[in-house]
Amino acid sequence: MPRPLRRRRDLVWGQQGNVQPFSDEDSSVETLSHCSSLSERTSAAEEAGETEEMAEEDFQYKLKVYIDSTVDKSAKTRQGALDGLKTAMATKILYEFISERRMTITDSIERCLKKGKGVEQCAAASLACLLCIQLGSGIESEEVFKTLKPVFRTIHNDGAANIQARQACATSLGLCTLVAEDDIMDVYATMECFESLFTHSYVREDGSRPSVNPQTTQLHTNALLSWALLLTICHRSLMNDDVNMRIAAGETIALLFELIRDVDPEFDYDDWEQLCEQLNALATDCNKHRAKTDKRKQRSVFRDVLKAVEEGDFQSETIRFATERMVIDSWVKKRTYDAFREFVGSGMNYHLQANEFIRDVFELGPPMLIDSAALKAMKSSRLERHLYNAAAFKARTKARNKFRDKRVDVGEF
């Protein structure tokens, strides 16, 4: 029995003897294998990084070639260079690269706008927009636009210039103004520049339509769209430090809402709540840093503006002159009346009475012929005027006292 046991033990150990234990040598081999795999992955990542870096270098080299080619003698080469830069700026963020070369690119755009023709001018105008978009709103884009704005305006207003170039400049001038213009008064001047074009497409007073070709109509369309684009930033004038600017902006908003609702009674403004909040804040402004007269004037105007925006309402006003009366019952009529009165001044009533043109504007009909004797007879006596003014003063005082009492009660509460 012992021998078989020994054999069995030998057999078992013999089978296990074929399996060698884990040695230091094997450990080192596995470590080397792991390191080798890691180094391969590292080298692959490095190669990928190097490849990407090389691709970026190649891309920047192409851009440099494009920039240099914008001043080539061949119009075809310049056109290709402009298109290449446009594609690059439209598909990648290149701020650092472009920022270092912005004035070089600007000079090339200016040269192509001035000396190029047609398609090349269009490409240069589009590139100017992309350049401003890449640089963003700031000093850098302002420098670019300061150089290009006079060129844009010249082409835009030049009736002898290529019509497609004028169309492109109308669009680019609007967008570049939005991005890079820092003075609101210059924004208004640019809007007036656009108005001088698209107003030529207005229907005439006799109902006839102006005869313009499709290319000119497209120019007017581009100018109108750019004007509308700049109108979107004019609401910031509500926050201007000057009370007259805030009031002018508010009245303009009321006027626009009135005109739009005449065309589309169901017009719905997207940022309705935000606009009404701003108007309400200005209608109840209690800023201690502003003069009392300015606050009073501002609150009065913006209460009317808020009603116009929310309800389409207008606080009518009656103008008396001689034996006639004119009711100002809309923002359109108010703006027109204020414009004439600004120049005519105290003589406005006389012009309303006798000026055929102004009477025609306000639909008052032909001037009424009244001799001096009849006019004198229709005038009230001095005593009557005194009694009327005294009664009006008394009623006004009572109303104010009642309002003041209410304010005191609210304060005490």
Side-chain angles (χ1 to χ4, degrees), residues 50-156 158 161-182 190 215 218-219 222-223 225-226 229-230:
E50 290 177 358
T51 303
E52 186 176 339
E53 186 177 349
M54 290 177 62
E56 183 65 22
E57 289 178 356
D58 290 343
F59 179 72
Q60 291 189 3
Y61 176 76
K62 287 182 180 179
L63 292 180
K64 293 175 182 177
V65 172
Y66 285 147
I67 293 173
D68 293 339
S69 299
T70 56
V71 295
D72 194 88
K73 292 182 178 180
S74 169
K76 185 177 181 180
T77 301
R78 294 196 303 271
Q79 178 67 43
L82 293 171
D83 290 339
L85 289 172
K86 282 171 52 183
T87 302
M89 291 189 193
T91 55
K92 295 190 70 173
I93 301 299
L94 305 169
Y95 174 78
E96 293 184 1
F97 179 86
I98 290 175
S99 179
E100 296 173 356
R101 301 166 176 81
R102 63 183 183 279
M103 296 315 298
T104 302
I105 300 174
T106 302
D107 292 341
S108 297
I109 293 173
E110 183 182 13
R111 187 179 295 107
C112 292
L113 285 171
K114 288 182 176 180
K115 298 184 178 181
K117 295 181 180 180
V119 180
E120 182 180 342
Q121 290 176 302
C122 294
S126 299
L127 181 60
C129 290
L130 291 168
L131 178 59
C132 287
I133 291 172
Q134 286 277 347
L135 295 174
S137 180
I139 296 176
E140 295 173 334
S141 59
E142 289 172 12
E143 290 177 349
V144 171
F145 188 51
K146 185 178 180 181
T147 301
L148 297 179
K149 180 167 68 172
V151 185
F152 281 147
R153 285 192 174 182
T154 300
I155 298 174
H156 175 270
D158 186 3
N162 181 277
I163 189 66
Q164 293 179 342
R166 295 182 71 193
Q167 294 169 1
C169 286
T171 301
S172 298
L173 179 58
L175 185 60
C176 291
T177 300
L178 179 76
V179 176
E181 187 61 81
D182 63 338
T190 301
Q215 291 290 344
Q218 186 60 51
L219 170 62
N222 290 8
L225 290 173
S226 291
L229 176 67
L230 297 183

> Please identify which of these residues, Cys122, Cys129, Cys132, meets the side chain to side chain contact (heavy atoms under 4.5 Å, CB included) condition with Ser172.
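Going through the options one by one, the only one that passes is Cys129.
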> With distance as the sole criterion, is a donor-acceptor pair present between the side chains of Gln218 and Gln164 under 3.5 Å?
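There is no such pair between these side chains.
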> Kindly determine whether Ser99 and Glu140 satisfy side chain to side chain contact (heavy atoms under 4.5 Å, CB included), including the steps that lead there.
CA-CA 8 Å; Ser99 179; Glu140 295 173 334; 2.8 Å; yes
> Looking at Ala223 and Ala170, what are the two nearest heavy atoms and their distance?
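Of all heavy-atom pairs spanning Ala223 and Ala170, the closest is N-CB, 4.2 Å.
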> Report yes or no: does Gln79 contribute a side-chain atom to a donor-acceptor pair with the main-chain N or O of Glu120 at less than 3.5 Å?
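Judged by distance alone, yes, a pair lies under 3.5 Å.
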> Enter the distance from Arg101:CZ to Asp107:CG here, rounded to the nearest 0.5 Å.
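Going from CZ on Arg101 over to CG on Asp107, the span is 14.5 Å.
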> When you compare the side chain of Leu135 with that of Arg102, does any pair of heavy atoms fall below 4.5 Å?
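Contact flag for Arg102/Leu135 side chains = yes.
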> Going through the distances and angles, do Glu181 and Thr190 end up as a side chain to side chain donor-acceptor pair (under 3.5 Å)?
CA-CA 10 Å; Glu181 187 61 81; Thr190 301; 5.1 Å; no
> Is the shortest side-chain heavy-atom distance between Ile67 and Leu85 below 4.5 Å?
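Yes, close enough: below the 4.5 Å cut-off.
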> Are Lys92 and Phe59 in a cation-pi setup, meaning NZ or CZ lies under 6.0 angstrom from the ring centre and within 45 degrees of the ring axis?
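That pair qualifies as a cation-pi contact.
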> Testing the basics here: between Ala88 and Leu63, what is the closest heavy-atom pair and its distance to 0.1 Å?
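For Ala88 and Leu63, the tightest heavy-atom pair comes out as CB-CD2, 3.5 Å.
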> Return yes if some donor-acceptor pair links the side-chain N/O of Gln134 with the main-chain N/O of Leu94 below 3.5 Å, else return no.
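Side chain of Gln134 to backbone of Leu94: a pair is present.
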> Using atom types as modelled and distance alone, determine if a side-chain donor or acceptor of Arg78 lies under 3.5 Å from a backbone N or O of Thr70.
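No; zero donor-acceptor contacts below 3.5 Å.
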> Looking at Lys73, is its backbone amide N or carbonyl O close enough to the side chain of Thr77 to form a donor-acceptor pair, meaning the two atoms are under 3.5 Å apart?
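No; judged by distance alone, with no hydrogens or angles, the pair does not exist.
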> How many angstroms lie between CG in Leu175 and OG1 in Thr171, if you round to the nearest 0.5 Å?
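One finds 9.0 Å between CG of Leu175 and OG1 of Thr171.
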> Is the closest side-chain donor-acceptor distance between Thr147 and Glu110 under 3.5 Å?
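No pair is found: no donor N or O on one side chain lies under 3.5 Å from an acceptor on the other.
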> Measuring from Cys169:SG to Arg153:CZ, what's the distance to the nearest 0.5 Å?
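Going from the SG atom of Cys169 to the CZ atom of Arg153 covers 12.5 Å.
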> Between Ser69 and Ala81, is there a donor-acceptor pair closer than 3.5 Å when you use the side chain of the first and the backbone of the second?
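No, the answer is negative, given that no donor and acceptor are paired below the 3.5 Å cut-off.
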> Checking Val179 against Phe145 for the side chain to side chain contact (heavy atoms under 4.5 Å, CB included) test, could you report, in this order, the C-alpha distance in whole Å, the side-chain angles of both residues, the deciding distance, and whether it holds?
CA-CA 9 Å; Val179 176; Phe145 188 51; over 6 Å; no
> Is the side chain of Arg166 donor-acceptor paired with the backbone N or O of Leu219 at a distance under 3.5 Å, no angle test?
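No: the side chain of Arg166 does not pair with the backbone of Leu219.
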> Would you say Tyr66 and Ile105 make side-chain contact, with heavy atoms under 4.5 Å?
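Sidechains of Ile105 and Tyr66: no contact.
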> If we count only N and O atoms by modelled type, under 3.5 Å, do the side chains of Glu100 and Tyr95 hold a donor and an acceptor together?
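Per modelled atom types, Glu100 and Tyr95 side chains form no pair under 3.5 Å.
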> Measure the spacing between CG of Leu173 and CG of Asn222 and express it to the nearest 0.5 Å.
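Reported value, rounded in 0.5 Å steps: 11.5 Å.
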> Does a side-chain heavy-atom distance below 4.5 Å link Glu53 with Glu57?
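Side chain of Glu53 against side chain of Glu57, heavy atoms only: contact under 4.5 Å found.
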> What closest approach, in Å, do Leu230 and Leu178 show between heavy atoms, and which atom pair accounts for it?
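Taking every non-hydrogen atom into account, CD2-N, 3.9 Å.
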> Closest heavy-atom contact between Cys112 and Gln121?
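Shortest heavy-atom contact: O-CG, 3.7 Å.
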> How many angstroms lie between CG in Leu148 and CD in Glu143, if you round to the nearest 0.5 Å?
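Atom-to-atom, Leu148:CG and Glu143:CD are 12.0 Å apart.
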> Working to the nearest 0.5 angstrom, can you tell me the gap between Met89 CE and Ile98 CD1?
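So the gap between those two atoms works out to 3.5 Å.
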